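First the structure, in the form of structure tokens, and then the observations on it.
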Amino acid sequence: MMIFQRTWTNTGIHPGHIILLDGQMEEESALIRIRKEKLKEIREDLGINPYPYTYDVCDYSAEIIAGFDETRVPERTVSIAGRIMTIREMGKASFCTIQDRDGRIQLYVALNTIGEESYRLFKKLDIGDIIGVKGPVKKTRTGEITVFITSLTLLAKNIRPLPVVKEKDGEVFDAFADKELRYRNRHVDLIVTPGVKETFLKRIAIIRNFKKILDAKNFNEVETPVLQPVYGGAAASPFTSWHNALDMTLYLRISLEPYLKRLIVGGFDRVYEIGKCFRNEGIDRTHNPEFTMLELYQAYADFNDMMAITEELIEQTALAVNGSTAISYEGKEIELKTPWKRLRVTDALKEYTGLDVMVMSDDELRAELEKRDAHLKGDFVRGLAIDELFKVLVEDRLIQPVFITHHPVETTPLCKPDYDDERFLQRFELFINGTEIANAYSESNDPVFQRKTLYEQSLRRAVDEEAPPMDENFVQAIETGMPPTGGLGIGIDRVVMLLTGETSIRDVLLFPTMRPQD
RNA sequence: GAGACGCUAGCUCAGUCGGUAGAGCAACUGCCUUUUAAGCAGUGGGUCCCGAGUUCAAUUCUCGGGCGUCUCACCA
């Protein structure tokens with residue numbers, strides 16, 4: 001949309017301009033002007049309110065078509081509302097297609113059936129208008145199930161024309177293709193682009209199914225603060241805000257973890273939250289500044305239990321929304337059937353690169369990093385070097401689901417070390433299609449250890465600005481006594497991408513973050 | 001953060017080796033009572049993203065800016 005700033009010699013509003021909310025004016029296109037004139041004619045000449053209050057919707061397109069019975073006499077009469085998507089006018093009779101909640105259905109509008117008054121109204125209608133109609137359902141000569149309307153009610157007049165997308169035999173013509181326009185005008189995209197609404201319905205179904213599974217396991221869904229005086233639970237740059245009355249800085253959360261663990265301490269044995277997290281970092285195909293995480297915590301459980309839950313959530317949800325565990329993504333065939341392979345970080349490195357980091361010296365690790373042009377933030381730390389080598393050399397080769405386990409202890413302060421080798425953690429990350437989908441720990445609950453590691457992590461802020469600051473209240477919660485706990489985080493957007501076949505996170509977010517246009 | 005590409009009518013796109021632009025759909029007028037990318041005849045519609053420079057002349061060339069898309073690097 002182009003915005004023009006003009007000054008007018010008189011103070012009157014030029015009739016050819018629309019005032020925008022910010023006081024600027026948009027030059028009005030002829031298309032909008034003509035539709036506003038029709039609006040006036042509908043009100044004044046026909047005496048019809050183009051924006052009435054309700055309509056008695058009794059039927060929906062998909063159900064009418066699915067339930068059609070050709071032998072039924074007399075025909076079934078329906079009452080349906082929707083948006084006009086096509087109009088084919090033939091003098092004293094017309095066909096049009098409306099789109100409702102579930103899909104599209106054709107209407108037949110004949111002068112001698114609906115009468116002169118209604119036909120005059122019909123002739124003033126445009127693609128994009130919302131109407132309510134009643135009438136019997138019949139098949140046309142060419143076999144299309146059609147409502148032969150006997151009653152027409154205008155429910156909302158459109159004055160901003162929609163892109164006209166046509167379809168024949170599954171082929172789409174004049175698609176609303178400009179991705180920028182689609183993201184900025186998602187309401188239009190949802191109306192005119194085939195498949196978009198279905199993608200978001202699938203997203204809704206995925207989240208609903210996750211909740212169903214967790215609720216059945218007696219997890220309690222909770223809500224924790226988005227605005228936090230101290231952020232933590234991940235290594236990331238936060239968004240910063242300011243509370244006027246409290247005269248203090250508040251951060252938008254970067255993870256759900258710190259408050260969910262307080263609830264475990266408080267006696268909720270099983271909690272989860274599905275909510276937005278915010279990270280002030282770059283935007284690309286797989287990253288949006290705000291994104292949705294599932295985090296769950298289960299008392300008296302460890303990372304093995306989290307693996308079982310992860311497998312169940314993903315496999316069952318794939319079956320629920322796709323009817324299959326096999327998915328095709330970017331031309332790759334991925335099989336989500338459980339159980340999934342489990343591989344230690346160090347074994348994965350050995351398997352995919354031949355490097356046996358268990359026997360390599362620090363200097364050898366350093367040399368390997370340099371060879372890949374990979375760099376650590378701050379001083380050399382052996383565990384971080386191993387983790388970095390894994391990220392650079394192995395991650396994107398993990399196409400089939402695999403639990404990568406036992407990361408070096410230096411990668412996070414929030415996880416318990418493993419029983420028999422304290423250099424490694426009881427942690428896993430789930431990789432599918434080269435992307436981290438989930439991350440889980442046997443959560444650290446040793447308060448002395450926790451205070452020490454979080455303090456050490458806060459010191460890393462000197463070399464790594466993404467290291468979170470010390471969270472005293474969180475440590476005190478752990479000092480109160482947290483039961484042994486398994487914790488799991490799943491990137492919802494990435495799961496949705498995987499299960500819908502979308503390759504850009506923006507195509508699974510209704511309203512991706514966009515820069516303002518001017 | 002780096003590179004490539006794009007921005008022309010409401011939408012999808014042509015085009016101008018520098019002389020202010022076209023098509024299809026949409027719109028408007030007329031015809032048409034079973035069409036379906038309906039059809040036929042006609043009409044209108046554009047600060048060619050913004051700014052500067054070069055030039056008699058810039059939508060086109062050069063530079064700068066804006067916004068976006070894609071790829072690469074980093075964080076989930």
Side-chain angles (χ1 to χ4, degrees), chain A residues 1-4 6 27-35 37-38 85-97 104 106-114 119 126-128 138-144 146 148 158-169 171-185 188 192-193 233-237 254-255 277-293 373-375 377 388 391-392 429-430 435-439 464-466 489-495 497 503-506 514-518:
Chain A
M1 185 203 317
M2 305 283 298
I3 307 290
F4 297 90
R6 299 237 169 114
E27 197 159 339
E28 186 171 88
S29 78
L31 295 173
I32 289 179
R33 200 184 59 243
I34 289 164
R35 290 188 179 204
E37 280 162 13
K38 286 184 183 173
M85 300 306 292
T86 67
I87 298 176
R88 293 178 290 281
E89 207 181 302
M90 300 164 301
K92 298 185 182 65
S94 302
F95 285 94
C96 72
T97 309
R104 294 186 180 191
Q106 181 170 261
L107 310 179
Y108 181 66
V109 188
L111 170 63
N112 61 2
T113 310
I114 65 166
Y119 206 77
D126 292 293
I127 288 169
K138 308 181 206 183
K139 265 191 181 171
T140 61
R141 187 181 290 163
T142 52
E144 180 155 354
T146 301
F148 284 64
N158 160 299
I159 62 165
R160 185 173 291 275
L162 293 172
V164 178
V165 179
K166 302 206 171 188
E167 252 185 294
K168 191 193 185 185
D169 304 329
E171 196 179 348
V172 177
F173 300 85
D174 297 328
F176 186 40
D178 188 318
K179 286 201 166 188
E180 176 179 1
L181 287 178
R182 289 180 50 207
Y183 297 145
R184 287 190 193 280
N185 301 286
V188 173
V192 306
T193 307
S237 305
I254 59 171
S255 83
C277 294
F278 307 83
R279 298 190 185 174
N280 206 339
E281 293 162 358
I283 295 180
D284 67 21
R285 214 164 58 77
T286 57
H287 296 87
N288 194 65
E290 54 181 295
F291 61 103
T292 303
M293 289 262 292
D373 203 28
H375 303 284
K377 290 171 181 166
E388 184 67 22
K391 283 181 176 170
V392 173
E429 288 178 300
L430 167 65
T435 309
E436 184 192 343
I437 300 289
N439 185 19
D464 180 1
E465 58 186 19
E466 289 190 340
I490 295 181
I492 294 289
D493 309 293
R494 292 185 174 176
V495 172
M497 286 170 69
T503 56
S504 169
I505 195 169
R506 307 187 124 198
M514 302 288 284
R515 222 184 267 266
Q517 252 167 325
D518 39 68

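Here is the naming used below: chain letters follow the sequence lines, and residue numbers restart at 1 for every chain. Quantities reported herein were computed from a predicted structural model and do not represent experimental measurements.
Heavy atoms of Thr286(A) sit under 4.0 angstrom from at least one base atom. Note on Asp284(A): a base of the nucleic acid sits closer than 4.0 angstrom, heavy atoms only. In this structure, Glu436(A) reaches the sugar-phosphate backbone alone: every heavy-atom distance under 4.0 Å involves primed, P, OP1 or OP2 atoms, never a base. Among the protein residues, Gln106(A) comes within range of the nucleic acid bases, having at least one heavy atom under 4.0 Å from a base atom. Residue contacts for Lys179(A): at a heavy-atom cut-off of 4.0 Å it reaches the sugar-phosphate backbone alone, with no base atom in range. As judged by a 4.0 angstrom heavy-atom cut-off over every strand, Lys391(A) is placed among residues touching the sugar-phosphate backbone only. If you check every strand for non-hydrogen atoms under 4.0 Å, Asn280(A) touches nothing. Lys139(A) comes within contact range of no nucleotide atom at all, as no heavy-atom separation falls under 4.0 Å. Within 4.0 Å of Arg104(A), counting heavy atoms only, lies no atom of the nucleic acid at all.
Atom CD of Glu37(A) has more than 12 heavy atoms from other residues, nucleotides or ligands within 6.0 Å.
Applying the 4.0 Å criterion to OP1 and OP2 of A37(B), one finds that Lys168(A) has a side-chain N or O inside that range. Contact annotation: Arg88(A) reaches the phosphate of A38(B) (side-chain N/O to OP1 or OP2, under 4.0 Å). Under 4.0 angstrom from either OP1 or OP2 of U69(B) there lies at least one side-chain N or O belonging to Arg506(A). Neither OP1 nor OP2 of G24(B) sits under 4.0 Å from any side-chain N or O of Lys166(A).
Side-chain atoms of Met497(A) and Thr503(A), non-hydrogen and from C-beta on, never get closer than 4.5 Å to each other. A heavy-atom distance below 4.5 Å is not found between the side chains of Met85(A) and Val165(A). The side-chain heavy atoms of Thr86(A) and Phe95(A), taken from C-beta on, include no pair separated by under 4.5 Å. The closest side-chain heavy-atom distance from Pro163(A) to Val188(A) is below 4.5 Å. Within the 4.5 Å cutoff, the side chain of Ile87(A) has heavy atoms near those of the Cys96(A) side chain. For the pair Glu466(A)/Asp464(A), a side-chain contact is recorded, criterion being any heavy-atom separation below 4.5 Å from C-beta on.
Both Ala110(A) and Glu429(A) lie close to RNA chain B; mapped to their nearest nucleotides by heavy-atom distance, the more 5′-ward contact belongs to Ala110(A).
Spacing between U47(B) and C7(B) at atom C1', rounded to whole Å, works out to 15 Å. Look at the C1' atom in both C28(B) and U16(B): the space between them is 29 Å, to the nearest Å. A distance of about 23 Å separates the C1' atoms of C11(B) and G42(B), rounded to the whole Å. Spacing of C1' atoms, G68(B) relative to A26(B), comes out at 25 Å, to the nearest Å. With both ends at atom P, the span from A23(B) to U35(B) equals 30 Å, rounded to whole Å. Separation of the C1' atoms belonging to C48(B) and G18(B) is 14 Å when rounded to the nearest angstrom. When the C1' atom is compared between A41(B) and A58(B), the two are found 39 Å apart, to the nearest whole Å. Annotation: A4(B) and A14(B) have their C1' atoms spaced 23 Å apart (nearest Å).
With hydrogens and angles left out, the side-chain atoms of Asn158(A) and Arg35(A) include a donor and acceptor closer than 3.5 Å.
Rounded to an integer number of Å, the gap from Lys92(A) NZ to U34(B) P is 11 Å. Remark: P of C67(B) and CG of Asn185(A) are 17 Å apart, rounded to the nearest angstrom. The CZ atom of Arg515(A) sits 15 Å away from the C1' atom of C49(B) (whole-angstrom rounding). Rounded to an integer number of Å, the gap from Met90(A) CE to A38(B) P is 12 Å. We find that CZ of Phe95(A) is positioned 7 Å from P of U35(B), with the value rounded to whole Å. In this entry the distance linking CD of Glu89(A) with C1' of A27(B) reads 13 Å, nearest Å. In this structure, CD of Glu180(A) is placed 10 Å from C1' of G6(B), rounded to the nearest angstrom. Per the geometry, CZ belonging to Phe148(A) stands 11 Å off P belonging to U35(B), to the nearest Å.
Remark: RNA chain B forms stems of 3 or more consecutive Watson-Crick or G-U wobble pairs, all pair distances under 3.5 Å, at B:1-7 with B:66-72, B:10-13 with B:22-25, B:27-31 with B:39-43, B:49-53 with B:61-65.
Residue-to-nucleotide contacts include no donor-acceptor pair under 3.5 Å from the side chain of Arg141(A) to the base of U34(B). A donor-acceptor contact under 3.5 Å is formed by the side chain of Tyr108(A) with the base of U33(B).
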For the pair Thr146(A) and Gln106(A), evaluate side-chain hydrogen bond (donor to acceptor under 3.5 Å, both in side chains) and give the outcome as yes or no after the intermediate values. CA-CA 5 Å; Thr146(A) 301; Gln106(A) 181 170 261; 3.0 Å; yes

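Residue Met90(A) comes nearest to Ser94(A) through the heavy atom pair N-OG, 3.9 Å, listed as atom of the first residue, atom of the second, then distance. Looking at every heavy atom in both residues, Phe291(A) comes nearest to Arg279(A) through CZ-NE, 3.6 Å.
Under the salt bridge (charged side-chain N to carboxylate O under 4.0 Å, His left out) criterion, Glu281(A) pairs with no residue, sequence neighbours left out.
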List every contact pair, protein side and nucleotides 10-12 of chain B side both N or O, where the distance is under 3.5 Å.
{"from": "U12(B)", "atom 1": "OP1", "to": "Asp178(A)", "atom 2": "N", "distance (Å)": "3.1"}

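For Met514(A), whose side chain is taken as the heavy atoms from C-beta onward, the closest listed nucleotide among G68(B), A26(B), U71(B) is G68(B). Listed candidates were U69(B), C70(B), C28(B). Nearest to the side chain of Tyr183(A) is U69(B).
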